[in-house]
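When a residue number appears, it is its place in the shown sequence, counting from 1. This structure is a prediction, so every number in the text was calculated from the model and none was measured.
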Amino acid sequence: MKTLIVATDFSKEAENALQYAGAAAQKLQGKVVIFNAFNISSHTGNSLFPASAVKEMIAYNNAILQRKADDLATEFGIEVHCESSMMELDEELDKAIEKHKADLVVMGMAPSSLSQDLFGNTTTSAIAKLKFPVLAIPAGVSFKGIKKILFACDILRGVEQEILNKIKTFAIGVGAQVEVFSVQNKLKALTAEHTARIDEGLQDIDYAYKNVVSTKVIQAIEDEVKAFEADILIMVPHKYSFWSSLVHQSKTRIMASRSEIPLLSIAL
């Protein structure tokens, strides 16, 4: 059974991601766990607010979650659970993933903005910090099945076997074909040495390669998403040191903010 954790802050983007996860779980015969990191404001925490009032706030928050779980279960005919925490989201998601033996974390993605491009948001933070697959759902995107997966990677740099195993499992689960897409500054023919690990990792599923020349990696990926008519984009975020991060922007984070289709980030 597939277990999807939907992290929500009750925003319209999170509500859209919840609907996407519900439809996907129905298709996969899986279940959904709705998770909310409930924070009491510092002003309230530092005031003489009675403990009974805090308990009422927590109870009210949990009641909202339970109502959403009941509505989702009824709408899609699936098993839905919910839970909340008063700790920070990044810290608690790891615990929730382990507790529920989750396969995927689903989060909403707000439309691209200058501040988001510069500083990111809750979803891009989860992509950067979690060593777990995170599916970012753009605002307004609904689940219509997944038949084509675009896996954007640096073929020449190589792809870890564990990543390929996860992509293969995902592709088999949704019944999709995969295009392994690479962008280079200068054209270099792919050799058996470059593709051997990918061929081994993706054997027994429908996949193909495409290699293009461009100095604009993000634009090339966006163009291929449309040309291939991809239903989902998969990327692997690369970790940078503090000093390197001042120079290099994560292409996965940028694409998560700009993508018009769901982006699945798979990290080790």
Side-chain angles (χ1 to χ4, degrees), residues 1-37 64-84 89 93 96-97 99-111 121-124 126-127 130 132-151 166-179 205-206 225-226 228-235 255-266:
M1 176 181 284
K2 301 292 182 182
T3 300
L4 311 180
I5 291 184
V6 183
T8 182
D9 57 3
F10 305 128
S11 65
K12 62 180 181 180
E13 293 83 18
E15 290 298 297
N16 182 64
L18 184 58
Q19 286 294 306
Y20 186 101
Q26 182 186 55
K27 176 70 174 180
L28 297 170
Q29 298 183 325
K31 66 179 180 179
V32 170
V33 177
I34 308 175
F35 180 82
N36 170 250
I64 293 175
L65 277 178
Q66 188 60 58
R67 186 163 61 249
K68 290 184 180 298
D70 293 341
D71 290 346
L72 197 72
T74 299
E75 181 177 358
F76 294 104
I78 58 175
E79 182 180 344
V80 183
H81 302 276
C82 63
E83 68 173 77
S84 63
L89 176 65
L93 264 178
I97 289 165
K99 175 182 176 180
H100 296 283
K101 306 300 179 185
D103 300 284
L104 197 65
V105 170
V106 182
M107 303 180 73
M109 175 59 72
N121 57 24
T122 304
T123 303
T124 56
I127 288 173
L130 287 179
F132 195 80
V134 177
L135 182 62
I137 311 297
V141 172
S142 58
F143 181 81
K144 297 177 181 178
I146 300 173
K147 296 301 180 185
K148 291 185 176 182
I149 297 170
L150 183 67
F151 173 38
K166 291 181 179 180
I167 293 173
K168 179 178 178 178
T169 299
F170 182 76
I172 291 174
V174 298
Q177 65 181 116
V178 176
E179 179 180 288
I205 67 170
D206 184 3
V225 164
K226 295 177 181 178
F228 184 55
E229 298 181 336
D231 299 302
I232 195 167
L233 171 65
I234 295 180
M235 296 182 71
M255 280 304 306
S257 298
R258 293 176 50 166
S259 180
E260 296 179 357
I261 64 172
L263 183 144
L264 176 59
S265 169
I266 302 179

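Looking at every heavy atom in both residues, Pro262 comes nearest to Ile232 through O-CG1, 3.3 Å. Residues Ala17 and Met107 come closest through the heavy atom pair CB-C, 3.8 Å. Smallest separation of non-hydrogen atoms from Lys148 and Glu229: CD-O, 3.7 Å. Pairing each heavy atom of Ile146 with each of Phe170, the nearest pair is CD1-CZ, 3.9 Å. When all heavy atoms of Leu150 and Ala230 are compared, the pair lying nearest together is CB-CB, 3.9 Å. Among all heavy-atom pairs drawn from Ala25 and Val32, the shortest one is CB-CG2, 3.8 Å.
Going from atom OG1 of Thr3 over to atom NZ of Lys99 covers 12.5 Å, rounded to the nearest 0.5 Å. In this structure, SG in Cys82 is found 11.0 Å from CZ in Arg67, a value given to the nearest 0.5 Å. Taken to the nearest 0.5 Å, the CD atom of Glu179 stands 11.0 Å off from the CG atom of Asp206. Once rounded to the nearest 0.5 Å, the distance linking CD1 of Ile34 with NE2 of His81 reads 10.5 Å. Taken from CG in Asp103 to CD1 in Ile97, the straight-line distance is 10.5 Å, to the nearest 0.5 Å. One finds the CE atom of Met109 at 8.0 Å from the CG atom of Leu263 (value rounded to the nearest 0.5 Å).
A salt bridge links Lys68 with Glu15: at least one charged nitrogen is closer than 4.0 Å to a carboxylate oxygen.
Remark: Asp9 pairs with Ser11, Ala14 by the side-chain contact (heavy atoms from CB on, under 4.5 Å) rule, at least two apart or across chains. A search for salt bridge (charged side-chain N to carboxylate O under 4.0 Å, His left out) contacts involving Glu260 returns nothing, not counting sequence neighbours.
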Verdict with supporting geometry, Lys2 and Leu104, side-chain contact (heavy atoms from CB on, under 4.5 Å)
CA-CA 8 Å; Lys2 301 292 182 182; Leu104 197 65; over 6 Å; no

Show the numbers, then the answer: is there a side-chain contact (heavy atoms from CB on, under 4.5 Å) between Phe35 and Val106?
CA-CA 10 Å; Phe35 180 82; Val106 182; over 6 Å; no

For a side-chain contact (heavy atoms from CB on, under 4.5 Å) check, start with the C-alpha distance between Val178 and Lys168, then their side-chain angles and the critical distance, and finish with the verdict.
CA-CA 9 Å; Val178 176; Lys168 179 178 178 178; over 6 Å; no

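A side-chain donor-acceptor contact under 3.5 Å links Thr123 to the backbone of Gly108. Proximity of a side-chain donor or acceptor of Gln26 to a complementary backbone N or O of Phe76 within less than 3.5 Å is detected.
Pairs of residues two or more places apart, or lying in two chains, that qualify as side chain to side chain donor-acceptor pair (under 3.5 Å) and include a residue from residues 16-25 are Gln19-Glu75.
Looking at heavy atoms from C-beta onward, Ile261 lies out of side-chain contact with Val141 at the 4.5 angstrom threshold. Side-chain atoms of Pro133 and Leu264, non-hydrogen and from C-beta on, do get closer than 4.5 Å to each other. Counting heavy atoms from C-beta outward, Ile167 and Ile205 have side chains that stay 4.5 Å or more apart. Using a 4.5 Å cut-off on side-chain heavy atoms (C-beta onward), Phe143 and Asp231 make no contact.
Within 6.0 Å of NZ in Lys27 there are 12 or fewer heavy atoms belonging to other residues, nucleotides or ligands.
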